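Predicted model, so just to flag it, every value in this text is computed and none were measured. Proteins get letters first, then strands, A, B, ... in listed order; numbering begins at 1 in each. No hydrogens, no waters, no symmetry mates; every other heavy atom, side chains included, goes into these values.
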Amino acid sequence: MNVNIRIEHALKKYGDFVAIPDLSLEIRPGEFFTLLGPSGCGKTTLLRMIAGFNSIEGGDFYFGERRINDLDPAKRNIGMVFQNYAVFPHLTVRKNVEFGLKNRKLPKEEIREKTDKFMKLMKIDEYADRLPEKLSGGQQQRVALARALAIEPDVLLMDEPLSNLDAKLRVEMREVIKEIQNRLGITTVYVTHDQEEAMAISDRIAVMSNGVIQQIGTPKALYQRPANRFVATFIGRSNVMEARIYAENGEKGLEFKGGFRQPMHNLGDVQNGQPVVVSVRPEELIIKGFGNDVRSAIKAKVVYSTFLGLNTHYMVEFEDGGRAEIIQESQIDDIISNGTVIDLGVNAEKINVFTEDGLTPLIV
Amino acid sequence: MIRKKGFNFWVIASLAILALYLLFMVYPLFKVMSQSVIDADTGGFSLRYFKQFFSQPYYSGTLINSFKVAVSVAIVSLVIGVPLAYFYNMYEVHGRKTLQLLIILSCMSAPFLGAYAWILLLGRAGVITQFIQNVFGFTIPSIYGFKGILLALSLKLYPLVFLYVSGALKNMDNSLLEASANMGCTGMKRFLKVVLPLCMPSILAAALMVFMRALADFGTPLMIGEGYMTFPVIIYNSYVGEVGTNHNFAAAISVIAIIITLFFFLMQKYLSNKYSFSISAMHHVQRKKASRLGSFFIHLFAYGMVALSLLPQVYLIYLSFRETSSAGIVFLDGYSLKSYQQVFSNMGNVIWNTIRICGSALVIIIVLAILISYLVVRRRNMINGLIDTLSMIPYIIPGAVVGISLILSFNNKYMPLVGTATIMVVCMCIRRIPYTIRSSVAILSQIPISIDEAAESLGAGRVKTLVKITIPMMLNGIFSGAIMSWVTLITELSSSILLYSFRTQTLNVAIYTMVSKGADGRACALSTILMLFTVISLLIFNKFSKDGEIMM
Ligand SMILES: Nc1ncnc2c1ncn2[C@@H]1O[C@H](COP(=O)(O)OP(=O)(O)O)[C@@H](O)[C@H]1O
Ligand SMILES: [Mg+2]
């Protein structure tokens with residue numbers, strides 16, 4: 001139990017198409033690790049390489065010290081949970097959960113005992129003798145999870161296990177998964193394209209795009225210090241604004257279009273006049289007031305607003321036609337009416353700055 | 001893939017199956033082709049059999065006749081089968097399940113038996129003919145020749161159209177119908193503009209199937225054709241040789257037949273590609289209540305068709321209980337079980353032959369079909385792709401041609417199979433297996449690969465996964481396919497009639513040989529027994545299949 005997973009220079013090709021060019025990562029023992037990325041970025045491909053269902057065109061895969069590249073999937077001691085549940089429809093819930101244990105040729109009592117334990121854990125013991133078709137999607141996924149866990153695998157692999165469930169069940173099941181994983185402390189690789197789900201459930205997340213890992217980090221790190229523009233916009237919401245660096249009299253900062261200057265204390269290696277992109281989350285845009293001088297604020301016009309109770313969202317338009325979203329804690333005053341020109345500032349500690357191509361962070 | 005274990009098992013299975021196909025199908029077909037261009041007298045290359053065929057209207061006319069029969073039967077079957085399927089699936093019909101069972105039942109006997117019964121009913125001395133003659137004083141037109149063939153075959157084959165089109169209609173999404181109704185397209189217009197095009201792939205497939213069967217049917221023309229010769233008859237004649245056997249000539253006709261069926265197969269493929277789209281219903285079609293008059297018409301049509309097509313079989317059952325002369329060949333007044341006594345005392349071996357030959361064929365077909373579909377779907381590679389293609393060839397080879405090809409190939413001292421039960425089993429396997437493979441492939445394709453992977457990640461090897469997970473999941477579908485196979489096997493005639501010997505005579509062959517000589521109580525008893533087999537099989541099928549879905 002509790003192995004770490006190490007992948008070094010993994011290469012995956014489907015014919016001539018390179019799905020994963022060169023990928024390395026390390027997953028810690030007992031960690032809940034998530035592969036997150038838009039559909040088609042290669043998450044499933046990587047997971048199936050770990051599981052042994054995909055061929056590996058290059059690189060090395062290790063569970064602990066053991067290289068598993070050529071190990072039969074049946075011998076990797078993995079538990080796998082699929083998007084479409086993949087419960088065996090012709091076997092009862094109990095038989096499903098038993099299946100892996102029987103393949104290990106364990107003694108009868110032990111099989112029974114473990115089956116009972118995991119059915120109870122997943123709260124499906126009352127359906128033990130039913131066929132899966134009589135169960136709801138959530139219950140079927142519980143069966144699949146119990147079945148995967150019953151063999152006490154070294155590694156638990158899950159490929160979008162919640163995407164076939166409705167929104168409410170999805171939230172409920174992700175709590176279940178998180179809690180069980182915590183309790184058993186089993187190294188888990190989880191695949192999803194839903195960033196909110198990934199944030200809620202993971203210890204660490206690897207954000208992928210086009211077969212390449214963009215960033216690995218805790219949910220907090222990814223949200224607050226994204227490594228590039230892709231991560232900034234993929235995780236949570238970000239307004240991307242163009243700006244230039246100014247460096248005068250020992251002071252460094254950002255000069256936005258229109259001339260507003262924001263001093264910054266955490267900029268790394270930058271040059272005066274260098275064009276950059278600034279990623280500002282909606283809650284990092286601050287409404288400072290109305291009718292100030294253009295040098296002391298970013299001017300924007302409210303296009304429309306949405307009142308959501310706790311927060312109020314404003315869609316604003318800059319003078320150059322670009323748009324941005326602002327989230328403000330709802331005030332007791334009136335909502336700013338459409339068409340009003342407002343003055344904006346930014347939360348300098350929180351915003352992120354990247355080189356013009358969006359690939360390199362400039363905050364240190 | 002990375003696995004090394006189990007590698008050998010699958011490769012060996014692939015190679016073994018390939019070898020079987022090469023030996024029992026490719027080689028025989030090659031043999032037919034080569035024999036067709038070899039002069040029996042000189043042993044050299046010659047096209048004289050083709051010349052003979054095309055220069056003598058007696059022979060070449062059969063081609064036109066066959067063609068006329070097949071096209072007409074296909075059209076009539078569509079005209080009956082498509083509306084029937086439409087009504088059955090769109091409207092409330094009383095006794096749905098029974099109706100479907102009866103429709104299926106009416107296509108589950110050899111066509112020649114229908115022809116035989118129609119002769120007894122409407123023929124020159126037929127009971128209906130004489131009844132009308134006596135009561136109304138006029139003679140109904142003769143049913144011998146083309147008309148009779150058309151009647152017997154259409155009533156036997158329209159159920160295939162019904163089943164295919166029903167399948168398509170079941171897969172149609174109700175919202176499509178609702179959407180077209182929303183846009184003001186209803187009734188007949190909707191049937192023509194929406195329903196028909198959506199069912200077109202199935203209609204074309206059904207049309208091809210009916211066409212092939214009608215083309216290849218051998219018993220009906222002989223029975224009721226009275227000189228209206230079709231090409232399977234010529235093949236048969238030139239093989240059994242009323243005027244001296246001529247294998248090479250039979251081979252030449254076979255080659256011509258294959259070319260024709262191939263042409264129609266390709267045409268069907270081309271047409272259905274144009275119409276191909278995948279539809280899968282989320283909301284099944286809601287059956288409506290028809291208006292009073294409409295409902296009356298629908299029931300009259302549906303049950304009328306069923307009654308008409310079952311009439312021959314019912315009449316044969318009736319005859320089987322009639323008193324007969326001691327030889328069994330003349331019906332007398334009164335009723336008795338004499339025909340059955342004669343059958344059971346003299347022909348027990350025929351029943352046993354049927355069970356043993358068709359049973360072995362069935363087992364082999366199922367095992368091979370599972371294995372082949374698994375290889376084709378789950379372990380796609382060049383060899384398995386080749387097997388896939390090869391396994392489809394018998395679709396377009398008429399039964400008589402399969403028979404001839406086997407005879408030509410295994411009539412030697414190395415593999416003297418002619419006259420054995422083996423050759424009949426082989427023939428049945430070759431003819432039936434494409435259907436079973438198709439249905440197995442369809443079932444297997446619907447099982448997500450993740451099921452296999454789940455089993456594997458839980459420590460089950462590939463073979464174990466196949467045996468414990470995949471096959472049990474396929475079982476329901478395989479079972480319904482198997483019963484259909486069984487029924488087709490026990491009613492097979494066009495190749496058995498060429499291959500059977502005194503020791504391997506089956507029920508259907510026995511019936512044929514008897515009725516071809518005239519009225520016969522024993523034949524009626526045998527056909528009733530055969531029908532009983534069929535009915536029992538269908539009832540078992542109905543009991544076990546989940547949705548009554550028939551896999552042809
Ligand atoms: N079996 C396959 N053959 C060819 N290309 C594939 C195959 N599986 C996936 N791909 C391609 O690899 C890329 C990554 O796919 P996948 O791993 O399924 O993405 P994700 O799970 O992140 O949505 C996609 O471009 C996809 O089209
Ligand atoms: Mg995926």
Side-chain angles (χ1 to χ4, degrees), chain A residues 44 47-57 61 68-91 95-106 132-133 143-161, chain B residues 1-11 280 282 284 370 374 377-382 385 440 442-482 544-547 549:
Chain A
T44 299
L47 193 80
R48 290 166 56 85
M49 286 165 92
I50 300 174
F53 298 129
N54 271 356
S55 58
I56 298 170
E57 272 70 42
F61 286 66
I68 53 153
N69 283 44
D70 301 315
L71 198 62
D72 198 280
K75 303 231 172 85
R76 294 190 184 198
N77 199 28
I78 46 168
M80 184 119 186
V81 179
F82 300 84
Q83 178 174 353
N84 60 359
Y85 322 133
V87 282
F88 306 132
H90 63 297
L91 300 180
K95 294 239 165 72
N96 261 284
V97 179
E98 276 177 351
F99 187 81
L101 298 169
K102 281 198 170 152
N103 287 330
R104 308 229 155 144
K105 308 215 161 44
L106 298 177
E133 62 181 10
V143 176
L145 204 55
R147 183 180 68 180
L149 291 171
I151 56 170
E152 296 177 346
D154 291 335
V155 174
L156 183 60
L157 305 179
M158 294 191 253
D159 191 356
E160 313 234 7
Chain B
M1 289 259 154
I2 45 173
R3 28 197 96 71
K4 307 209 161 67
K5 218 191 82 182
F7 170 85
N8 286 325
F9 175 80
W10 299 110
V11 173
S280 63
M282 308 235 289
H284 290 284
I370 291 176
Y374 185 81
V377 176
R378 290 286 200 251
R379 298 189 64 92
R380 191 104 215 161
N381 60 28
M382 227 180 63
S440 305
I443 301 162
L444 193 57
S445 312
Q446 293 193 339
I447 301 178
I449 184 91
S450 57
I451 290 271
D452 289 43
E453 293 175 350
E456 233 180 311
S457 74
L458 292 167
R462 282 234 153 182
V463 178
K464 189 164 187 180
T465 304
L466 178 65
V467 174
K468 288 245 160 153
I469 303 294
T470 317
I471 291 180
M473 281 180 71
M474 295 171 71
L475 225 48
N476 198 309
I478 288 175
F479 189 72
S480 66
F544 282 92
S545 93
K546 234 188 253 165
D547 41 9
E549 199 69 63

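- Within the 4.5 angstrom heavy-atom criterion, no atom of A:Leu101 approaches chain B.
- A distance of 3.5 Å separates OG in B:Ser450 from CG in A:Asn84, rounded to the nearest 0.5 Å.
- Closest of all the heavy-atom pairs between B:Glu453 and A:Phe53 is O-CZ, 3.1 Å.
- The environment of B:Lys468 atom NZ is sparse: at most 12 non-hydrogen atoms of other residues, nucleotides or ligands sit within 6.0 angstrom.
- Heavy atoms of A:Ile151 lying under 4.5 Å from chain B belong exclusively to its side chain.
- Nearest heavy-atom pair, B:Ala455 versus A:Asn103, reported as atom, atom and distance to 0.1 Å: O-ND2, 4.5 Å.
- Within the model, atoms CZ of A:Phe88 and CE of B:Met473 stand 8.5 Å from one another, a figure rounded to the nearest 0.5 Å.
- At a threshold of 4.5 Å between non-hydrogen side-chain atoms, the residues B:Ile469 and A:Phe99 count as touching.
- A:Val87 touches chain B through its backbone: at least one of N, CA, C or O sits under 4.5 Å from a heavy atom, while the side chain does not.
- Checked by atom type and distance alone, the side chain of A:His90 never pairs as donor or acceptor with a backbone atom of B:Leu475 at under 3.5 Å.
- In this structure, B:Ser457 OG and A:Asp72 CG are separated by 11.5 Å, a value rounded to the nearest 0.5 Å.
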